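Taking it in order: structure first as structure tokens, then the write-up.
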Amino acid sequence: MNTIYILNGPNLNLLGTREPEIYGKTTLADIEQMCQDFGASRALAIQFLQTNHEGQLVDWIQEAAQKAQGLLINPAAYSHTSLAVRDALSACQIPVVEVHLSNIHRREPFRHLSYVSQVATGIICGFGADGYLLGLQALLCLLGNERGPRRS
Ligand code: CA2
């Protein structure tokens, strides 16, 4: 069974409680349930984690590189600031999908640069909570367990 780590960065624990006009009403617990249900339907073990601390995120990225076959990450504000998160991801030998609920390119200019995008295998943004499922689908394609768009 493949294991996928899903890592969430700072303030994502507040989802669904504030700023619903930007991030929607879905809570992080709802998103985890969606991902666990998807994982159960595809024989994927999902490790879903959230932290407000940069070093913890780096530790979990390193752990994922050892224990998982794929990594889905919403680094939240650390996308735009953290070379430590970027470097940890750069050292990962597994596929990495970066996900954002909002379309960061339609927002403030300081959100347009993500250091993580430079080292991610692929990026999904602007699809709200569904982006997590799209990201899991992308990882399955990358792992060869799912028909991708260009496969016959
Ligand atoms: O769109 C995304 O998923 C983001 O990663 C969310 C981050 C933001 O810094 C990125 O630029 C884009 C912010 C997560 C904070 O989420 C909150 C949720 C509710 C209330 C306050 C913050």
Side-chain angles (χ1 to χ4, degrees), residues 1-16 23-24 26-105 111-152:
M1 184 185 266
N2 282 325
T3 296
I4 304 290
Y5 269 49
I6 303 179
L7 301 182
N8 296 280
N11 296 306
L12 286 165
N13 55 310
L14 298 176
L15 275 183
Y23 299 115
T26 309
T27 66
L28 198 62
D30 294 333
I31 295 176
E32 173 168 14
Q33 192 58 57
M34 288 164 51
C35 292
Q36 295 291 359
D37 289 348
F38 182 93
S41 73
R42 311 296 167 103
L44 281 178
I46 302 289
Q47 179 74 284
F48 193 99
L49 299 163
Q50 188 274 331
T51 181
N52 292 328
H53 304 280
E54 187 175 19
Q56 179 66 79
L57 203 51
V58 169
D59 285 345
W60 283 340
I61 291 165
Q62 292 183 7
E63 186 179 304
Q66 296 300 317
K67 296 188 178 172
Q69 285 68 51
L71 171 57
L72 181 65
I73 183 165
N74 183 347
Y78 288 141
S79 316
H80 318 298
T81 64
S82 177
L83 291 178
V85 168
R86 180 204 184 280
D87 287 350
L89 290 168
S90 176
C92 273
Q93 302 280 323
I94 57 174
V96 175
V97 173
E98 176 185 3
V99 64
H100 296 282
L101 297 153
S102 61
N103 180 348
I104 55 175
H105 302 288
R111 295 187 203 274
H112 295 179
L113 173 71
S114 165
Y115 291 111
V116 168
S117 301
Q118 298 169 0
V119 294
T121 310
I123 309 145
I124 293 169
C125 73
F127 296 101
D130 287 342
Y132 283 70
L133 298 185
L134 294 169
L136 286 177
Q137 187 75 42
L139 283 169
L140 275 174
C141 292
L142 290 166
L143 294 173
N145 294 343
E146 202 89 346
R147 291 164 72 91
R150 284 187 288 120
R151 291 182 185 215
S152 54

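Throughout, numbering of the chain's residues begins at 1 and tracks the sequence. These numbers come from a predicted model, not from an experiment.
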Can you name the nearest heavy-atom pair linking [X] to [Y], along with the distance?
{"X": "Pro10", "Y": "Ala76", "result": "O-CB, 3.4 Å"}
{"X": "Ile124", "Y": "Leu134", "result": "CD1-C, 3.6 Å"}
{"X": "Leu142", "Y": "Pro95", "result": "CD1-CB, 3.9 Å"}
{"X": "Leu113", "Y": "Gln118", "result": "CD1-NE2, 3.9 Å"}
{"X": "Gln69", "Y": "Met1", "result": "OE1-O, 4.2 Å"}
{"X": "Pro75", "Y": "Ile73", "result": "CD-O, 3.4 Å"}

Inter-residue atom distance [X].[atom1] - [Y].[atom2], 0.5 Å rounding:
{"X": "Leu140", "Y": "Asn2", "atom1": "CG", "atom2": "CG", "answer": "8.0 Å"}
{"X": "Gln66", "Y": "Cys92", "atom1": "CD", "atom2": "SG", "answer": "9.0 Å"}
{"X": "Ser117", "Y": "His112", "atom1": "OG", "atom2": "NE2", "answer": "12.0 Å"}
{"X": "Gln36", "Y": "Phe48", "atom1": "CD", "atom2": "CZ", "answer": "8.0 Å"}
{"X": "Ile31", "Y": "Tyr132", "atom1": "CD1", "atom2": "OH", "answer": "5.0 Å"}
{"X": "Thr51", "Y": "Leu12", "atom1": "OG1", "atom2": "CG", "answer": "10.5 Å"}

Legend entry - Among Thr3, Ile4, Val97, Leu89, side chain to side chain contact (heavy atoms under 4.5 Å, CB included) partner for Leu71: Leu89
Contact check, side chains of [X] and [Y], non-hydrogen atoms, under 4.5 Å:
{"X": "Ile6", "Y": "Ile46", "value": "yes"}
{"X": "Gln137", "Y": "Phe38", "value": "yes"}
{"X": "Ser82", "Y": "Tyr115", "value": "no"}
{"X": "Tyr5", "Y": "Leu49", "value": "yes"}
{"X": "Leu15", "Y": "Leu101", "value": "yes"}
{"X": "Met34", "Y": "Asp130", "value": "yes"}
{"X": "Ile61", "Y": "Arg86", "value": "no"}
{"X": "Leu14", "Y": "Tyr23", "value": "no"}

Legend entry - Side-chain H-bond candidate by donor/acceptor type, Asp87 with Ser90, under 3.5 Å: no
Does any N or O in the side chain of [X] come within less than 3.5 Å of the main-chain N or O of [Y], such that one atom is a donor and the other an acceptor?
{"X": "Gln50", "Y": "Gly9", "result": "yes"}
{"X": "Asn103", "Y": "Cys125", "result": "no"}
{"X": "Asp59", "Y": "Gln56", "result": "no"}

Legend entry - Parallel, tilted or perpendicular, as decided by the 30° and 60° cut-offs, for the rings of His80 and His100: parallel
Legend entry - Phe127 atom CZ: more than 12 heavy-atom contacts under 6.0 Å: no
Inset, instruction - Using the side-chain contact (heavy atoms from CB on, under 4.5 Å) rule, take Glu146 and Arg42 through it: C-alpha gap first, then chi angles, then the decisive distance, then the call. - result: CA-CA 9 Å; Glu146 202 89 346; Arg42 311 296 167 103; 2.3 Å; yes
Inset, instruction - Identify, with sequence neighbours excluded, every residue that meets salt bridge (Lys or Arg N to Asp or Glu O under 4.0 Å) alongside Arg111. - result: Glu108
